[in-house]
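Beneath this line is the structure, given in structure tokens, with notes to follow.
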Number of protein chains: 2
Amino acid sequence: MKSKPTSFDIAHMAGVSQSTVSRALSNSPLVNAETREKVQRIANELNYKVDKNASSLRTQRSKTIALLLFEDPSSDDSQINPFFISMLGSITKACSTAGYDLLVSFQNLQDDWHAEYEDSNKADGIILLGYGDYLDYQSKLEQLEKQETHFVRWGAHDPNHPGISVGCHNYQGGYLVTEHLIKRGRKRFAFIGVADSGAPEFMARFQGMENALIQHNLIDQFIGQFDAIFTLEAGEEATEMLLEEGTLPDAIVCASDLIAIGVQRAMQAKGLICPNDIAVVGFDNIPVSEFTNPPLTTVKQDTQKAGKVLVDKLLRLIEGETASDMLLPTELVIRKSS
Amino acid sequence: MKSKPTSFDIAHMAGVSQSTVSRALSNSPLVNAETREKVQRIANELNYKVDKNASSLRTQRSKTIALLLFEDPSSDDSQINPFFISMLGSITKACSTAGYDLLVSFQNLQDDWHAEYEDSNKADGIILLGYGDYLDYQSKLEQLEKQETHFVRWGAHDPNHPGISVGCHNYQGGYLVTEHLIKRGRKRFAFIGVADSGAPEFMARFQGMENALIQHNLIDQFIGQFDAIFTLEAGEEATEMLLEEGTLPDAIVCASDLIAIGVQRAMQAKGLICPNDIAVVGFDNIPVSEFTNPPLTTVKQDTQKAGKVLVDKLLRLIEGETASDMLLPTELVIRKSS
DNA sequence: CTGAAAGCGCTTACAG
DNA sequence: CTGAAAGCGCTTACAG
């Protein structure tokens, strides 16, 4: 059969009206059980599927969510941040459970992506995952809000930021991992990662560490915070600067696993042993962290839960309900680097 | 403005008919340049976007491609095979360049996914990426073909397999990496990875190795092929069996990087040094392979090109043109594990 | 170059 | 419980 059957074809074969076919296939209670079964059987035989475009046009609901992964234009296309990959997996699953399709798009920050998806009725709402400087995309988030686009984003909780955010408890994670290092006798800390309002998640991790040091009277011995964006290379460079500073730390807390791997590499190049000379800890628990040399102690973000929560919140917004920010707990993963 | 503007709203404001608005926005040559500009300006001001559902319904083209990533049900949801992640990146990019949206779905082999996307007009065609036993999904591919669904898949080239496939030259890759090891003086080879018709890609890699050994008169010293599916754990277990076999190999060729990482782990547990005791090589060049201990010599598949070719072939099929299978060349990546 | 009109395939109020 | 009819927002042949 060349052309696809329509609901009229099914109706004809079942000897009922097209309206009844539509009702039967959507399991409407308004249709006789026997009629429904007959219609469904015939639809199955013909391999009939409801036309998504017609259905969406009529109901003004696409039952589709758009996932926008945006990133610094600097980064390589094929190298998606591994942390977001895990998120992608759990978001896909959550969408499918909710009966939604998922449209995926990678965007650069320059791109004119705002709201395109919902404005054209391709999607009922948008999930934003991104890294890069928060300040660069704040204005786009504000525009989304102004256009009343339904969206949620992964990121830091801040009442001043537009939209609903879901994120992990970065402050707690920074605190936990620092406390762990202190218990193991580390005293001279350094932090690698940008810690300003352009990177609110990194900043919260930094503050968690800082507070743990204060509580344990170690803040006087704090060696310093060294800027690094989210990449391995940035971690490597920052470490080179740190190691030229004079006093060596005995623990380096990194804002992410990728940074921490860069730190380990830079140390190796200088002949420093991890953890004997310096303990190194990361954040994210990306799959690679288990295989570095030595395996990385890190803070795990629960991506399974995160994806589910993001989708749930977004669906609430789509339904016209309210939703609020959410912080997910973090979990310490202790390996040999500490 | 609460409700979205339609082409009638634009027409009203521009003082033209709705047909003219539609033409102007699709850059039809049938419209006066001045009129077109005026319409486009107004559309921009109102942030008007053509309704995707209405447009797709009318043209019977969704300008959307569905990417189905299917995998063995055994594997963990959040752990997508890293190789396919790179593919996902380049496919997304290629779709966006062609003006297509990308619908992403992860499926288990049991799922009843066949053709659902094209039958409901959600997508104009399907790209299939998968791992697991080929024989398990052959029947589904056959059904896709029977339903005249447009699809391409990543995988082994085989004239008997349904549909168009794009894959890398697995045989060549296996040959190249083996030749490299032979040049470095290795003589006693083992292969880890299933090598049967359920895993045609692995089998081609195995045959490439086998042929290199034959050509260099080393086949007599071949220790054996040990089954392992595509996971790290499988590589670990297979190595344990291999190491109990008696004669130790001095080189292990693995069917994938994940397997090779498992091999390295199992060797480490037994106190064997890589590459001094045994050289280990992988296949895929996944991002992790650079960070293993020691970094892995492997065969790179050009995922950038692969994604582009998959999308191009699929678009040809959608346009009603013909397309044929394609094998992409592989490239040796030499690191410290050999 | 422009406009009036048909129709893509549904869902759902309305009437019975 | 069922059917006839309207209409979602476009694109495009048709007529001018």
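Just so you know, these numbers use all the heavy atoms, side chains as well, and skip hydrogens, waters and symmetry mates. Protein chains get the first letters and strands the later ones, always in sequence-line order, with residue 1 at the start of each.
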Q. Could you give the CG-to-C1' distance, from A/Leu30 to C/dT11, as a whole number of Å?
A. 12 Å
Q) If only side-chain N and O atoms of A/Gln60 are considered, is one of them under 4.0 Å from the OP1 or OP2 phosphate oxygen of D/dG9? A) yes
Q. So, the side chain of A/Glu118 versus the backbone of A/Ile126: is there a donor-acceptor pair under 3.5 Å, distance only?
A. no
Q. How far apart are the C-alpha atoms of B/Arg41 and B/Glu45, what are their side-chain angles, what is the distance that settles it, and do they pass the salt bridge (Lys or Arg N to Asp or Glu O under 4.0 Å) test?
A. CA-CA 6 Å; B/Arg41 186 173 41 71; B/Glu45 279 165 14; 3.6 Å; yes
(Q) So, does B/Thr20 get its side chain near the phosphate of C/dG3, meaning an N or O under 4.0 Å from OP1 or OP2? (A) yes
Q. Any donor-acceptor pair under 3.5 Å linking the side chain of B/Ser90 with the backbone of B/Thr303?
A. yes
Q. Taking for each residue the nucleotide of DNA chain D with the nearest heavy atom, is it B/Ser55 or B/Arg23 whose nucleotide lies nearer the 5' end?
A. B/Ser55
Q.
For a quick check of understanding: with a heavy-atom distance under 4.0 Å over all strands, which category does A/Thr6 fall into, base, sugar-phosphate or nothing?
A. sugar-phosphate
Q | Out of D/dT11, C/dC10, D/dG3, whichever nucleotide has its closest atom nearest the side chain of A/Gln18 | A | C/dC10
Q: From the options D/dC8, D/dC10, D/dT12, select the nucleotide whose nearest atom is closest to the side chain of A/Arg58.
A: D/dC8
**Q.** C/dA13: pairing nucleotide in any strand, Watson-Crick or G-U under 3.5 angstrom
**A.** none
(Q) Heavy atoms only, 4.0 Å cut-off, all strands: where does B/Ser22 land among base, sugar-phosphate and nothing? (A) base
Q. Can a donor-acceptor pair be found between the side chains of A/Gln18 and A/Ser7 at a distance below 3.5 Å?
A. yes
Q. Reckon B/Ser19 touches a base, only the sugar-phosphate, or nothing at all at heavy-atom distances under 4.0 Å?
A. base
Q: Would you mind reading off the distance between A/Lys63 atom NZ and C/dC10 atom P, rounded to a whole angstrom?
A: 17 Å
Q. For A/Lys122, does the NZ atom sit with more than 12 other heavy atoms under 6.0 Å from it, leaving out its own atoms?
A. yes
Q. With respect to the phosphate group of D/dC10, does any side-chain polar atom (N or O) of B/Tyr48 fall under 4.0 Å of OP1 or OP2?
A. yes
Q: Would you please confirm or rule out a distance under 4.0 Å between OP1 or OP2 of C/dT2 and any side-chain N or O of B/Thr35?
A: yes
Q) For the pair made of CZ in B/Phe8 and C1' in C/dA5, what is the distance, rounded to whole Å? A) 10 Å
Q.
If we ignore hydrogens and angles and just use 3.5 Å, is the side chain of A/Ser96 paired with the main-chain N or O of A/Thr92 as donor and acceptor?
A. no
Q) C/dG9 C1' sits how many Å from B/Asp51 CG, rounded? A) 14 Å
Q) What is the distance, rounded to the nearest whole Å, between atom NZ of A/Lys4 and atom P of C/dG9? A) 10 Å
Q | Pairwise C1' distance, C/dT12 and C/dG16 [rounded to whole Å] | A | 16 Å
(Q) From NZ of B/Lys38 over to P of C/dC1, roughly how many Å is that when rounded to an integer? (A) 16 Å
Q: Go through D/dT11, D/dG9, D/dG3 for me and flag the one nearest to the A/Ser17 side chain.
A: D/dG3
Q: Tell me which of B/Val31 and B/Asn121 sits closer to the 5' end of DNA chain C, going by the nucleotide each one is nearest to.
A: B/Val31
Q: Mind calculating the distance between CG (A/Leu57) and P (C/dG9) to the nearest angstrom?
A: 12 Å
**Q.** Partner nucleotide, any strand, of C/dA4 [Watson-Crick/G-U, under 3.5 Å]
**A.** none
Q. CG of A/Asp9 versus P of C/dC8: gap in Å, rounded?
A. 12 Å
